[in-house]
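Hydrogens, waters and symmetry mates are skipped; everything else that's a heavy atom, side chains included, is used. We count residues from 1, following the sequence as given.
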Amino acid sequence: MPSWGQGEDSGKSLREIRTVTEGLKTLYREKLLPLEKQYSFSDFHSPGLEDADFDNKPMVLVVGQYSTGKTTFIRYLLEQDFPGSRVGPEPTTDSFTAVMYGDVEGIIPGNALIVDPNKPFRKLNPFGNKFLNRFQCVQVPNQVLESISIIDTPGILSAAKKRLSRGYDFPAVLQWFAEHVDRIILLCDANKLDISDEFSRTIGALRGNEDKLRVVLNKADLVDTQQLMRVYGALMWSLGKVFRTPEVLRVYIGSFWSSPFRVPDYRPLFEREEESLFKDIQILPRNAALRKLNDLVKRARLVRAHVYIINYLKQEMPLVFGRDNKKRDLIYDLPDIFSRIQQRHQISPGDFPDCARMQERLMSHDFAKFKALKPKLMSALDEFLSTDIARLMPLLCKEELEVASQPGVQGGVFLATHRGPFNEGNPFMQVQENGEESDMAGVDWVVTKDKAKYDEIFYNLSPKDGKLSGTKVKNWMISTRLPIAVLGRIWKLSDVDRDGMLDEEEFALASYLIEVKLDGHGLPPQLPPHLVPPSKRRRKGSKEEELMIDVQ
């Protein structure tokens with residue numbers, strides 16, 4: 001296993017490394033953090049990293065203009081509401097909300113959140129109370145959140161609302177999150193493509209993290225085919241203009257909510273786009289170590305450029321007279337200084353910070369107090385970039401092989417089973433479950449009152465041996481226009497015996513759940529006693545809570 005340091009001093013401080021995360025933490029503390037402290041890196045760029053930044057679960061940042069469906073998108077992923085979530089046509093989310101796993105539902109306010117060493121948010125303290133009053137963590141016992149955390153954000157204001165002040169540096173906060181998350185979902189509304197001033201500044205804050213960015217054209221079901229083509233083209237043009245890049249961004253098209261499709265012809269396109277996007281999110285836990293390694297290397301390159309910039313400014317300052325004028329001239333000439341440093345030290349232009357932002361932050365610093373270059377520290381950084389990271393790669397490859405067979409994110413919209421006709425690949429796996437004889441005395445089946453209506457549909461679909469095949473049921477369920485993820489969930493709940501077909505009672509249950517969903521209600525995570533078909537009931541114990549049939 002990799003270890004660092006041939007000398008006596010490094011041998012005392014570095015242990016044998018067993019995981020990539022442990023190796024990154026050790027390398028950061030020993031070779032990167034001393035440079036950051038020596039040259040005030042956190043004053044110009046992001047604060048230092050802590051153990052929680054390396055150990056936390058992958059995070060997904062959801063960004064977009066107001067009323068683009070950010071909160072609804074998160075609810076769609078989780079298949080449940082979370083405390084404090086609100087949905088409406090006007091800006092309803094006015095806070096940054098970290099949706100994370102917890103055994104009990106609860107909300108942790110921002111000021112308490114940033115002192116928790118187990119949460120990766122301690123470095124948000126410099127943004128002040130006005131931000132912290134608009135920051136919270138919502139804990140929910142949801143299976144999706146066992147693998148990832150999701151950050152909901154306030155809606156980006158349109159041009160008409162740009163005069164409203166948030167009281168804190170909104171783009172700077174977004175930039176901090178963009179640097180620390182694993183994936184950024186930028187939601188755009190198919191009916192509202194205006195690029196406001198704040199939207200432009202927000203996208204600017206995401207620059208440098210394009211590899212994490214996924215753009216979603218949401219609410220696409222609300223426009224016809226011709227309009228959708230025009231909207232898609234306009235979005236690509238606008239994003240290319242704002243990001244100032246010739247590369248074409250990947251844009252996913254869909255309507256990420258649980259309502260019926262208004263344009264049924266869009267279903268095949270939306271299903272393929274949704275499957276592709278969710279597969280990208282689902283593998284985040286597998287790629288977590290690689291993302292942390294990649295982000296740390298990017299940070300190390302920025303630290304190297306920063307040190308050379310600070311050292312150059314220090315050397316150019318006069319000893320006594322004319323310091324103010326010289327400082328002003330150096331800040332004005334910073335673009336030329338960047339070019340000289342690039343040529344002198346053979347550093348890529350992409351490793352340098354944003355010049356305008358650097359000029360702004362240099363205004364408040366005394367160049368004479370900057371520290372001179374320390375060759376020993378720079379040698380350690382060069383070793384980190386050229387040798388140490390390469391030594392971690394075999395361990396990274398080993399970890400990737402170990403997690404390759406793991407299913408990734410499970411629960412919610414990420415169907416935890418491959419059974420049923422709504423999951424390609426294994427459409428009708430014959431899996432039987434052992435159980436005792438059913439007996440739920442005193443518990444009425446709520447579906448009974450409408451069963452005659454459902455039976456008529458069942459027999460019109462021509463069952464064979466008293467059961468409908470998955471294909472027949474799928475074709476009928478798709479006619480309801482509900483999204484595929486919702487229908488897949490209903491199938492899981494209805495196929496109680498897991499035989500890939502629905503009998504008369506199971507079909508009645510599926511029909512009932514579809515009507516419930518069409519009425520705007522949520523689906524249960526598991527079947528409660530009053531929904532379990534009488535012929536499928538089993539006694540699991542004497543307590544009422546033990547009569548639940550788990551279908552996860």
Side-chain angles (χ1 to χ4, degrees), residues 28 31-32 35-36 38-47 49 171-172 174-176 178-181 184 200-213 239-250 290-317 326-363 365 367 370-375 377-390:
Y28 176 73
K31 299 192 174 182
L32 208 54
L35 273 168
E36 292 185 11
Q38 180 76 8
Y39 299 99
S40 305
F41 180 82
S42 61
D43 291 347
F44 296 88
H45 311 288
S46 57
L49 303 178
L174 275 181
Q175 183 182 13
W176 186 94
E179 292 172 353
H180 290 78
V181 301
I184 304 169
S200 297
R201 291 195 299 271
T202 298
I203 292 179
L206 303 179
R207 288 197 193 105
N209 298 283
E210 287 84 357
D211 56 320
K212 304 177 183 180
L213 183 64
L239 291 176
K241 187 177 179 181
V242 175
F243 274 103
R244 303 172 191 168
T245 174
E247 290 84 6
V248 177
L249 294 169
R250 175 67 165 95
L290 179 59
R291 194 277 301 173
K292 291 169 185 173
L293 185 148
N294 182 63
D295 282 358
L296 192 61
V297 171
K298 284 169 56 177
R299 186 182 183 94
R301 290 179 177 275
L302 178 60
V303 169
R304 181 177 60 181
H306 173 79
V307 171
Y308 282 128
I309 294 168
I310 296 300
N311 178 65
Y312 185 95
L313 299 175
K314 167 72 174 179
Q315 291 179 334
E316 292 296 314
M317 288 297 290
K326 186 62 175 178
K327 173 182 174 180
R328 184 182 65 248
D329 294 341
L330 288 171
I331 293 176
Y332 180 80
D333 292 336
L334 196 61
D336 293 334
I337 294 173
F338 278 15
S339 298
R340 291 177 208 145
I341 295 174
Q342 291 166 19
Q343 295 174 3
R344 182 180 302 174
H345 299 284
Q346 299 300 306
I347 300 176
S348 169
D351 293 348
F352 280 73
D354 179 83
C355 187
R357 187 178 295 125
M358 190 72 178
Q359 287 173 316
E360 180 182 347
R361 293 177 180 176
L362 283 169
M363 296 291 292
H365 284 76
F367 293 4
F370 285 163
K371 302 294 177 63
L373 191 70
K374 289 197 172 183
L377 291 179
M378 291 303 295
S379 176
L381 178 59
D382 291 337
E383 185 181 23
F384 167 83
L385 290 169
S386 62
T387 306
D388 295 334
I389 291 297

(request) Report the relative orientation of the aromatic rings in Phe41 and His45; use parallel for angles under 30°, tilted for 30 to 60°, perpendicular for over 60°. (result) tilted
(message) In terms of relative ring orientation, are Phe44 and Phe370 parallel, tilted or perpendicular, with 30° and 60° separating the classes?
(response) perpendicular
(request) Before giving the answer on side chain to side chain contact (heavy atoms under 4.5 Å, CB included), spell out for Met378 and Tyr308 the whole-Å C-alpha distance, their side-chain angles and the decisive distance to 0.1 Å. (result) CA-CA 10 Å; Met378 291 303 295; Tyr308 282 128; 3.7 Å; yes
Where is the tightest heavy-atom contact between [X] and [Y], given as atom of each residue plus distance?
X      : Y      : answer
Asn209 : Ala178 : OD1-O, 3.5 Å
Gln359 : Pro335 : NE2-CD, 3.7 Å
His306 : Tyr39  : NE2-O, 2.8 Å

(request) Take atom NZ of Lys298 as the centre, draw a 6.0 Å sphere, and report whether it contains more than 12 heavy atoms from other residues, nucleotides or ligands. (result) yes
(request) Determine whether Thr387 and Asp382 make a side-chain contact, defined as any pair of heavy atoms from C-beta on separated by less than 4.5 Å. (result) no
(message) Taking the side chain as everything from C-beta on, heavy atoms only, tell me whether Glu316 gets closer than 4.5 Å to Ile337.
(response) no
Just verifying a value: how many Å separate [X] [atom1] and [Y] [atom2], rounded to the nearest 0.5 Å?
X      : Y      : atom1 : atom2 : answer
Phe367 : Leu362 : CZ    : CG    : 4.5 Å
Met358 : Phe338 : CE    : CZ    : 6.0 Å
Ile331 : Leu313 : CD1   : CG    : 8.0 Å
Glu179 : Ile184 : CD    : CD1   : 9.5 Å
Gln175 : Ser46  : CD    : OG    : 8.0 Å
Leu330 : Met317 : CG    : CE    : 7.0 Å

(message) Less than 3.5 Å apart, any donor N or O on the side chain of Glu36 or Tyr28 sitting next to an acceptor on the other?
(response) yes
Can you check whether [Y]'s main-chain N or O pairs, donor with acceptor, with [X]'s side chain at less than 3.5 Å?
X      : Y      : result
Lys371 : Val307 : no
Glu210 : Arg207 : no
Lys31  : Glu383 : no
Lys327 : Met363 : yes
Ser379 : Pro375 : no

(request) Could you walk me through whether Asn294 and Asp211 pass side chain to side chain contact (heavy atoms under 4.5 Å, CB included), step by step? (result) CA-CA 11 Å; Asn294 182 63; Asp211 56 320; 3.6 Å; yes
(message) Check Asp295 with Arg291, please: is the shortest side-chain N to carboxylate O separation under 4.0 Å?
(response) yes
(message) Suppose the criterion is salt bridge (Lys or Arg N to Asp or Glu O under 4.0 Å): which pairs have a residue in residues 351-363, not counting sequence neighbours?
(response) Arg301-Asp351, Arg304-Asp351
(request) Under the side chain to side chain donor-acceptor pair (under 3.5 Å) rule, collect the residues that match up with Arg340, sequence neighbours excluded. (result) Tyr312
